[in-house]
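Computed over heavy atoms, backbone and side chain alike; hydrogens, waters and symmetry mates excluded. Chain letters run A, B, ... following the sequence lines, proteins first and then strands; every chain starts at 1.
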Amino acid sequence: MLQIECPWCGLRDETEYHYGGQAHVAYPEDPSALSDEEWAEYLFFRDNPKGPFAERWVHSGGCRKWFNAVRDTRTYEFLAVYTSNDPRPDISSLASADTAGATA
Amino acid sequence: MSHGMPGEHPEWLWRDPDPKSSYDAVVIGGGGHGLATAYYLAKNHGMTNIAILEKGWLAGGNMARNTTIIRSNYLWDESAAIYEHALKLWEELPEELDYDFLFSQRGVLNLAHSLGDVRDSVRRVEANRLNGVDAEWLTAEEVAKVCPIINISEDVRYPVLGATFQPRAGIAKHDHVAWAFARACDAMGVDIIQNCEVTGFVKDGNRVTGVETTRGRILSDTVGMVAAGHSSVLAEKAGFRLPVQSHPLQALVSELYEPVHPTVVMSNYVHVYVSQAHKGELVMGAGIDQYNGYGQRGSFHVIEHQMAAALELFPIFGRAHLLRTWGGIVDVCPDASPIIGATPVDGLYVNAGWGTGGFKATPAAGWAMAHTMATGESHELNKPFGLERFTTGHLIDEHGAAGVAH
């Protein structure tokens with residue numbers, strides 16, 4: 001089981017959390033102005049990298065707040081945890097010693 | 001069956017060729033779907049100057065990790081058509097490939113545990129019948145006649161209220177399926193090239209003209225991506241995104257036991273599916289881990305949850321010993337249906353997004369993908385499953401028939 005650091009509650013078991021997929025996907029400012037292709041892109045297409053991934057989690061069994069994390073999808077190691085108000089960290093500077101040398 | 005009984009293998013079933021500098025078509029991925037694609041390219045379309053490029057060893061990904069369930073009782077017309085085509089091919093393949101891969105049509109029960117489940121299940125039975133798929137609705141007592149070890153007591157958290165039953169469904173020995181296809185491909189001249197990872201695409205404008213690999217550049221104007229959990233990684237190298245997310249999916253087996261489980265039992269509601277392999281292991285799978293992951297392993301609490309469900313359904317398993325657990329990487333689409341068809345790059349085709357249930361579709365996926373690669377046009381079977389459905393909105397929502405328990 002993953003151990004996940006909630007920015008407000010600290011380290012807790014994965015079973016207290018739910019996953020929210022890719023972070024930093026903004027709702028389109030004017031959805032009616034989008035083409036079908038652009039709307040499909042917003043609705044159904046997400047990044048799916050093999051490596052560091054900025055993603056959303058919610059501490060549903062705790063404080064019930066959403067937050068963001070950068071996690072390596074190869075090792076599942078959490079590289080950063082930050083609140084939704086914080087800017088996205090520079091992912092390239094986060095790659096750990098373990099994962100930097102791993103083949104993509 | 002002159003060859004192919006377990007234990008009677010010759011030392012090598014296929015050659016181990018070096019890659020040529022070019023082919024008429026290249027299939028990326030030497031799993032079940034890649035092998036079936038190459039098989040039907042050669043058999044149905046006469047294309048034998050082709051290669052399968054496998055980054056690891058043949059059938060070492062999800063083809064080695066699935067729970068081998070074969071069925072076609074999906075809700076929507078589009079799905080019933082392709083899965084039923086697959087089931088009909090499964091019924092012919094042992095003879096056609098001259099290889100007894102232990103395809104056993106022992107039936108599948110999909111259990112219902114709530115009023116909503118019951119209504120959905122009965123609806124699916126009727127939809128299946130209209131599509132020529134064998135399906136019956138069974139009461140709890142009838143379920144116990146098919147599979148006496150199921151606990152149909154009302155005194156459990158989620159009592160069994162009934163089940164759909166597809167008698168023609170079953171299981172097959174997955175690794176033997178791969179070997180059967182590989183031997184047949186090889187005999188028709190297909191090059192199966194292992195330890196050959198695709199690292200990039202060669203393009204002329206928006207047209208694919210070949211691939212870069214760890215064993216050098218291989219030219220081909222027709223390239224098929226059949227890479228399951230790694231489809232997004234390949235698509236990114238080709239310059240586009242797919243609407244899939246890769247998740248860990250775990251399964252496990254018990255130690256060997258006497259035959260106690262005569263069929264396949266699946267429950268979406270309590271999240272487990274169980275059959276017994278010919279050798280005697282109880283084979284069980286569950287739902288995906290919630291997070292994206294390429295690690296071929298998942299979290300232990302998912303296994304605990306699945307075991308709790310299995311024990312409630314099958315109290316007889318209470319003393320069974322777990323032998324082995326493992327994980328694969330499944331590429332899940334938003335509508336729990338696959339993608340087979342053209343990509344934004346000319347000459348490059350994709351077969352992906354099968355999520356947790358690709359094994360059963362192996363021959364039909366190969367059939368449709370081969371047609372698409374050979375002719376440049378989708379087959380009737382995969383027309384509804386193109387990437388464009390995410391723009392048109394014509395999704396094929398199979399969460400009910402597929403969702404957790406594929």
Enquirer: Between atom CZ of R297(B) and atom OH of Y76(A), what is the distance when rounded to the nearest 0.5 Å?
Expert: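 Here the interatomic distance stands at 5.5 Å.
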Enquirer: Which distance, rounded to the nearest 0.5 Å, do you find between the OG of S299(B) and the CD of Q3(A)?
Expert: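 Result: 10.0 Å between the selected atoms.
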Enquirer: Can you sort out the partners of D335(B) under side-chain hydrogen bond (donor to acceptor under 3.5 Å, both in side chains), two or more places apart, ordered by chain and number?
Expert: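 Expected list: R389(B).
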Enquirer: Among R71(A), Q22(A), E38(A), which residue has the highest count of heavy-atom pairs closer than 4.5 Å to chain B?
Expert: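 Sorted descending by pairs with chain B, the first entry is R71(A).
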Enquirer: Given a strict heavy-atom distance threshold of 4.5 Å, which part of E388(B) is in contact with chain A: side chain, backbone, both, or neither?
Expert: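 Interface part for E388(B): neither.
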Enquirer: For the residue pair Y291(B) and L2(A), establish whether any side-chain heavy-atom pair is separated by less than 4.5 Å.
Expert: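 Yes, at least one pair of side-chain atoms sits under 4.5 Å.
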Enquirer: Go through F45(A) and R241(B) one step at a time and tell me if the side-chain contact (heavy atoms from CB on, under 4.5 Å) criterion holds.
Expert: CA-CA 7 Å; F45(A) 288 70; R241(B) 287 207 295 184; 3.9 Å; yes
Enquirer: Who are the side-chain hydrogen bond (donor to acceptor under 3.5 Å, both in side chains) partners of E212(B), not counting sequence neighbours?
Expert: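 Per chain and number, E212(B) pairs via side-chain hydrogen bond (donor to acceptor under 3.5 Å, both in side chains) with R217(B).
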Enquirer: Would you check if the side chain of Q245(B) reaches a backbone N or O of D47(A) as a donor-acceptor pair within less than 3.5 Å?
Expert: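 Side chain of Q245(B) to backbone of D47(A), a donor-acceptor pair under 3.5 Å: yes, one is there.
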Enquirer: Atom CZ in F53(A), atom OH in Y294(B): separation rounded to 0.5 Å?
Expert: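 Going from the CZ atom of F53(A) to the OH atom of Y294(B) covers 9.0 Å.
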Enquirer: A quick test of your reading: do over 12 heavy atoms of other residues, nucleotides or ligands sit less than 6.0 Å from CH2 of W326(B)?
Expert: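 Result for CH2/W326(B): enclosed.
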Enquirer: Going by residue number, which parts of residues 4-14 of chain A are within reach of chain B, meaning a heavy-atom gap below 4.5 Å?
Expert: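 E14(A), listed by number.
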Enquirer: Suppose the criterion is side-chain hydrogen bond (donor to acceptor under 3.5 Å, both in side chains): which pairs have a residue in residues 56-67 of chain A, not counting sequence neighbours?
Expert: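 For residues 56-67 of chain A, and leaving out neighbouring residues, the side-chain hydrogen bond (donor to acceptor under 3.5 Å, both in side chains) pairs sorted by first residue read E16(A)-H59(A), H18(A)-S60(A), E55(A)-W57(A).
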Enquirer: Between I329(B), N292(B), D331(B), L242(B), which residue shows the highest count of heavy-atom pairs closer than 4.5 Å to chain A?
Expert: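 Maximum pair count with chain A is reached by N292(B).
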Enquirer: Is there side-chain contact between E41(A) and T391(B), with at least one heavy-atom pair below 4.5 Å?
Expert: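 SC-SC contact between E41(A) and T391(B) ruled out.
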Enquirer: Rounded to the nearest 0.5 Å, what's the gap from NZ on K50(A) to OG on S246(B)? Could you check?
Expert: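 Rounded to the nearest 0.5 Å, the NZ-OG separation comes to 9.5 Å.
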Enquirer: About how many Å separate CG of L387(B) and CZ of F44(A), when rounded to the nearest 0.5 Å?
Expert: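 Going from CZ on F44(A) over to CG on L387(B), the span is 12.5 Å.
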Enquirer: Which distance, rounded to the nearest 0.5 Å, do you find between the CG of N48(A) and the CD of E236(B)?
Expert: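 One finds 9.5 Å between CG of N48(A) and CD of E236(B).
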Enquirer: Relative to chain A, which segment of V302(B) carries a heavy atom at a distance below 4.5 Å: side chain, backbone, both, or neither?
Expert: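 V302(B) has no heavy atom closer than 4.5 Å to chain A.
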